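Read through the structure below, which is laid out as C-alpha cells, and then see the notes.
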Amino acid sequence: MSTDGSSALPKGYDPVGVERRWYAHWEASGFFQPGAGRSGGSGAERSSYCIMIPPPNVTGTLHMGHAFQDTLMDALIRQRRMRGDDTLWQTGTDHAGIATQMVVERQLAGEGKTRHDLGRALFLERVWQWKAHSGGTIVQQLRRLGASCDWTREVFTMDARLSLAVQEVFVRLYEEGLIYRGTRLVNWDPVLHTAVSDLEVVAEEEEGFLWHLRYPRPEGGVWVVVATTRPETMLGDTAVAVHPEDERYQHLIGREVLLPLVGRRIPVIADISVKPEFGSGCVKITPAHDFNDHEVGKRHRLPQINILTVDAALNEAVPVAYRGLDRYVARRRIVADLESQGLLAKVEPHRLMIPRGDRSKAVVEPFLTDQWFVRTAPLAVEAMQAVADGRIRFVPDAWQKTYFEWMENIQDWCISRQIWWGHRIPAWYGPDGRLFVDRDEAGARQQARRHYGRDVELTQDPDVLDTWFSSALWPFSTLGWPQQTPELAAFYPTDVLVTGFDIIFFWVARMIMMGLKFTGQVPFRTVYITGLVRDGEGNKMSKSKGNVLDPLDLIDGIDLETLVAKRTRDLMQPQLAQRIEAATRQEFPHGIPPFGTDALRFTMASLATQGRDIKFDLGRMEGYRNFCNKLWNAARFVLMNTEGRPCGQHWQGLPCPVVDRWILSRLQRVVTEVDGAFGKYRFDEAATTLYHFLWGDFCDWYLEWSKPTLYGHHGDPEEQTATRRVMLHVLEVALRLLHPLMPFITEELWQKVAPLAGAVGSGGSIMLAPWPQAVTELLDESAEARVAFVQEVVGAVRAMRSETGIPPGQKLTLLVAGEPALLETQIRRHEALILPMARLEAWQPVAGEAPVGCATAVLSQLRLYIPLQGVIDPEVEWARLTRELTRLDSDLERVRGKLANPAFLANAKAEVVQKERYKEQELQEKRQGIHDAMQRMALLRRVP
RNA sequence: GGGCGGGUAGCUCAGCCGGGAGAGCAUUGGCCUUACAAGCCGAGGGUCGCAGGUUCGAACCCUGUCCCGCCCACCA
C-alpha cells in the first residue's frame, strides 16, 4: 500500500541490527549524560534525578538479577530523562576483594602456584592484569541491555579518587574512636586465611553427632559428663559449666575436674547460659573457640587457650600426639583415645548448624586474632532515625521491619581482611608496635617523627578492608567526595536505590550509616527492594544446579549444543554434568530462540510485582516477543497508510468521529495509568496497561475500524485524513510511553512515525522526547460508553457465528429487535462500525416476535437475531441457549437473594442496592429473551 | 526459638483500604479477512490452602491451622 516501497518496514521485527545501531548512536551522542535533552522550556530550574548502580563485580558477567534490576533502573532513568529532569545514572564496577582474589588464586593453582610464590606486589599486578582482561565484559553486557548509564563517569572502587575517599573515611572514623583495633574472637576462614564478618557466614543445618565425654574428678569417684558437638576443642577447655540452680551439680560448683588427654585441672563454674535440660546439663567451656564460651569465659575470667593454626590444624598448645593434625583428623583421634580410656559415655546423632564461609564454603572457626572493627552502634542510631522519620522509604515497606530488626541488634563490624586485593588499611606500625593512622605514609611518618623524635622505619598494616567498606561510600565517593564537587551538590542525595533484599545488611544499611555520617544527608530517598530471579520451578539459579539462564542468551538466542556445553563447563562437581545435560536437553530441545532485548526487558518489568521473588517464565517472554512483533506490524500498517498521504498535522477543521474520540480518550487514561505506575514502582502495571491498550484497543479495534474508512470506495477524504492523523498520534504517544521499557523498538519506529505525526524531539531521538502528559479535555466518557456498546454487539454477533458454526465467509443480515429510538441511536448510528467488524452484510429492524429459527443474543435492551434456517443444526443452538439460560438463572438467583434480604436493603449503601436492582432488571430482560428464543427454537427441533 | 513473604484457572502471576473471580501462556473450535499464522475470531477451565469469626455481604478484614520459601538467633 505504500507509495514509496523503499521505506516499507520488513514484515517481522528483527531486533539484532536495531539494537546495536541505536545504542551506539545514543552513547556517541552523549544522550546518557546529565544535561542531555531538553533544556527546561520554561527556563525554570530542572530538577535532578540520580540512581547509583549497584556496582557489579568487575570481573563478573551479567546474570538474570542484573538484567532484572538494571532494566528497572534504566526504565526509571529513561522516564525521568523524558520528563525533562537532569538525570544521572552513575555506573561503575566493584573490586570485590575476596571473590576476585579467589579467581586469580585459582588460576595460579592451575599453574601449581600460590599467591605467596609470587609475593604481594607481583600477585597484585596479576590481579590488575586479570581486571584489565575481563573487566570490560560486564560493562559491555550492560550496554546490550540498553542501560543508559553515563559511561563517561564510569568508576572503579579502587580508582585513586575513590581510594582517597576510603582513606578519608577510615582516618576520620579512627580519630573519632569509631574504628578500633583489637584482639577479638572472629569468624576465621581456614581456607582463605582471613577473618570474615558475621554476614559472610552462612549457617546451615547438617547431620552431626553429640558426643558425651567423661571428665574425671581429681579426687576420683563419679565422672562429670559433658556433651559436645566438637570433641576436638576439648584440648582448649578451661572450665566446665553447669546451671547455678541445677540441683544435680550443686556439689560440683567451685570444685575442679581433670581434663582428659591433657591432664589440666579446670574449674566447674556456674553460669546461667547453661541449659540444664540439654545433654547432661554440663557443658565444656572453650573460650578461644566458641562464641558462647568466649562470653562465659569473660564473665568468669577464664584463660583462653588458642589451640588452632590458621589452617584449623592443632597447634603447639596441645599435647604432642595431636600437634599438626587437621581439626577433623584430630576429632577422630581424640574420640578414639577417649573411648579407649573408657571416657566416651555415648554418641548420639544430632542435627546442628554448621557455619560456612559464603565464598569458600569452608567451615569457619571462631578464632582469636587482631582485627579492625567499626563501632556501629552510634552510627546505627541516626540510620534508624532516617528511616523512622521517612527521610528514607522502603518499597515495599515491609522491608523496613527487617532493616530495623537488624539495626537494633547490630554488632561491631569486622572490616579487616587478611587478603591482598583491596584497599590497604592506612595504618603503620613503629618499631615498638605503636600505631599511626593517617591518610598516607607521609602523614604517618610525620606523626611518627613527632612521637619518636626521629625518623623510624614504619611498616604498613598488611590487611585490606572489607569490600563493603568502600561500597558503603559509593553514593558519595562516586560523586567526588570528599571534594565538594558540582555533581555532589546536584545529585546527592540520590533518588532511588534498586537492589535485592539479600544485601540490605551488607550494603543498604551501611550506605545509610556512612552517608549520614559523612554528608549529613541520606544517601537515597527510596530503597526499592526487588525479589530474586529464580528459574521456572522456583529454584535459585546456580551453576551447580545447571539451571542458569544467561540474559544474553535470551537476547541473542543460543543453540542447544552450545547451551549444554556452557552449562556443564567448569563445574565444581563434574559428576553433575550428565544430569544437567539431560535436564537442559529436555527443557530446551531446540535451544533458545533470540528474543531481543526489548522482549527481555518487558518480561522483567511485567514480572516485577512487589514483595515476591520472580520465577522466570520463558512462555511469558515469548508472549512479549510476540508483542514486539505486534507493535512492529501495527506501525508498519500505520506507515503504509500514511506515508505520502495527507496526515492532517494540524488538528483544525478535521472531523472527529466517535472512534477517534474513543481512542484518544483511552489514550489519556493510559498515559495517566502508566505515569502513576512508574510513580509507584509498579512496572508490572505499566507493562500490562500498555500491552492491553496497544494490542487490544489500538490494534484489534481502532486499526480494524480504520480499514473501512481508509479503504472504503466512497470514503470521505476529510475523514481519512483525520483517521491517519489519529492513528499516527496515538501510536506516537504510545511509543513514547513504552520507551522506558522497550527502548530499541520504540526508537526505531518513532524515527519513522514521529515526523508524520508532527512530533519532533530535540536531539532527534525518542529518548529525549517529552514524556506524555494526559490531556484531560480529551477524556470522553460518552464516546467510551458508545464504543463499549458497539463492542458488545460485535462480540455477540461473532460469538453467535462462531458457536453455531456459521462459516466466516457467509454473508449475513442481522435482525435487531428493540425500541425504535434505541435502534436509531445504538445501531443505525453505529452501523459503519458494527457491520464490517461483525462481518455483516446488513441489518434490519424486526418488530415484535423474531422469525422462527434464529440464533439469538440478548443485550440489555436489544435482541439480536441471525437467521439460521438451513445453515445449522437447531440442536446446536438449543444447547447454546440452554447454557446461557443456566448461567443467567444462577446470576439471577444470587441477585434476587440479595434483594430479598431486608438486612441487605437496610445496611448496604444506596448505590450498591441500586446497582443490584439494575442488574436484576437487566438479567431478567436477558433471561426473557433467551427464554423466548428457546420457545421458538423448540418448534424447529426434531423432538424424539 | 523469633520474624517475614507466599498458597487464586493446567503453568506463571495480577486482583486484597469488603459489593458481579482476571491476564499471559497452555488447552480447544473455526479462519491463509490485502499490518502481523510471532496472526485473527470464538470457547472451555477456578467451593480464591483449610476451619472458624466479624459483616446484609469476605479472594480481600480478624483468629486458628496446614503446607512452601526466606531471614534472624550462642542451645553445647
Side-chain angles (χ1 to χ4, degrees), chain A residues 1 8-9 11-13 203 210 226-230 233 241 273-275 277-280 282-286 290-296 350 352-353 366 396 398-399 401-402 405-406 409 501-502 504-505 531-532 534 536 538 593 606-607 609 611-641 682 684-685 688 691-692 699-700 703-704 707 711 794-795 798-803 805-809 836-839 880 891 894-895 898 901-909 911-913 915-916 919 923:
Chain A
M1 301 300 282
L9 296 175
K11 209 169 165 183
Y13 174 54
L210 196 56
V226 299
T228 181
T229 54
R230 302 211 50 197
T233 63
S273 69
V274 181
K275 304 266 186 299
E277 66 281 3
F278 187 90
S280 62
C282 275
V283 59
K284 59 192 273 306
I285 301 295
T286 321
D290 181 282
F291 288 102
N292 191 42
D293 292 5
H294 189 72
E295 293 305 310
V296 175
H350 181 69
L352 72 163
M353 299 295 276
W399 290 107
K401 191 166 177 176
T402 307
E405 237 158 65
W406 189 71
N409 300 302
F501 61 83
D502 50 331
I504 290 180
F505 308 143
L532 249 46
R534 299 168 176 279
S606 69
L607 291 174
T609 58
R612 64 153 87 196
D613 287 351
I614 65 178
K615 294 188 206 173
F616 192 80
D617 182 5
L618 210 63
R620 223 157 137 165
M621 177 138 169
E622 200 177 327
Y624 294 132
R625 187 262 323 256
N626 296 352
F627 176 56
C628 289
N629 199 52
K630 185 74 180 177
L631 178 64
W632 182 263
N633 277 288
R636 189 162 165 256
F637 175 82
V638 170
L639 291 169
M640 284 166 77
N641 287 289
R682 288 304 302 260
D684 58 327
E685 277 183 23
T688 47
Y691 182 95
H692 288 122
C699 290
D700 291 344
L703 292 187
E704 292 304 323
K707 288 176 184 175
Y711 300 160
V794 171
R798 283 170 171 175
M800 278 191 277
R801 212 188 181 64
S802 183
E803 286 174 49
I806 303 170
M837 292 291 262
R839 314 201 81 203
R880 194 179 74 90
D891 283 357
R894 195 162 25 87
V895 172
K898 272 192 182 182
N901 179 356
F904 172 73
L905 299 176
N907 294 315
K909 278 179 291 188
E911 70 221 50
V912 173
V913 177
K915 211 168 137 192
E916 291 297 318
K919 204 187 300 175
L923 286 169

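Every value quoted in this text rests on a predicted model; they were computed, and no experiment measured them. Naming: A, B, ... by sequence-line order, numbering from 1 per chain.
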Could you tell me how the ring of A:Tyr691 sits relative to the ring of A:Tyr624: parallel (under 30°), tilted (30 to 60°) or perpendicular (over 60°)?
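The rings of A:Tyr691 and A:Tyr624 stand perpendicular, inter-plane angle above 60°.
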Practice task
Measure up the A:Trp399 and A:Phe501 rings against each other and bin them: parallel (under 30°), tilted (30 to 60°), perpendicular (over 60°).
Solution key: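 It falls in the parallel class, under 30°.
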Using the [atom1] atom as the reference point in each nucleotide, state the distance between [N] and [M] in Å, no decimals.
N	M	atom1	answer
B:G5	B:C62	P	11 Å
B:C60	B:U8	C1'	12 Å
B:G42	B:C50	C1'	37 Å
B:A58	B:C17	C1'	14 Å
B:G39	B:C32	C1'	10 Å
B:G30	B:C61	C1'	46 Å
B:A9	B:C56	P	31 Å
B:G64	B:G44	P	41 Å

Please determine whether a side-chain nitrogen or oxygen atom of [X] lies at a distance below 4.0 Å from atom OP1 or OP2 of [N].
X	N	result
A:Arg534	B:C13	no
A:Asn633	B:G39	no
A:Lys630	B:C40	yes
A:Lys919	B:G20	yes
A:Tyr624	B:A23	no
A:Asn907	B:C56	yes
A:Arg798	B:G42	yes
A:Lys707	B:A35	yes
A:His350	B:A76	yes

At what distance, to the nearest 0.5 angstrom, does CD of A:Glu916 lie from CG of A:Asn901?
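Between A:Glu916 CD and A:Asn901 CG, I get 11.5 Å after rounding to 0.5 Å.
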**Asked** How long is the span from the CG atom in A:Asn633 to the CG atom in A:Leu9, to the nearest 0.5 Å?
**Response**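 Output value for this atom pair is 8.5 Å.
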Under 4.0 angstrom, heavy atoms only, what part of the nucleic acid is [X] near: base, sugar-phosphate, or nothing?
X	value
A:Tyr691	sugar-phosphate
A:Arg682	sugar-phosphate
A:Cys699	base

Taking the side chain of [X] as heavy atoms from C-beta outward, which of [options] is closest to it?
X	options	answer
A:His692	B:A23, B:G19, B:G5	B:A23
A:Asp700	B:A76, B:C36, B:C40	B:C40
A:Arg894	B:C71, B:A76, B:G20	B:G20
A:Leu607	B:C36, B:U12, B:A76	B:U12

message: Is there a side-chain contact between A:Lys284 and A:Thr233 in this structure, where contact means two heavy atoms from C-beta onward sitting under 4.5 Å apart?
response: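 In short, these two side chains touch, coming nearer than 4.5 Å.
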**Asked** Can you name the closest pair of heavy atoms from A:Asp293 and A:Asp290 and give their distance?
**Response**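 Nearest heavy atoms, A:Asp293 then A:Asp290: N-OD1, 2.9 Å.
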Quiz item: Want to settle it: does A:Gly12 or A:Ala799 sit nearer the 5' end of RNA chain B, counting the closest nucleotide to each?
Solution: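 Result: A:Gly12.
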Does [X] contact [N] through a side-chain donor or acceptor facing the base, at a distance under 3.5 Å?
X	N	answer
A:Ser802	B:G30	no
A:Glu405	B:A73	no
A:Lys11	B:A37	no

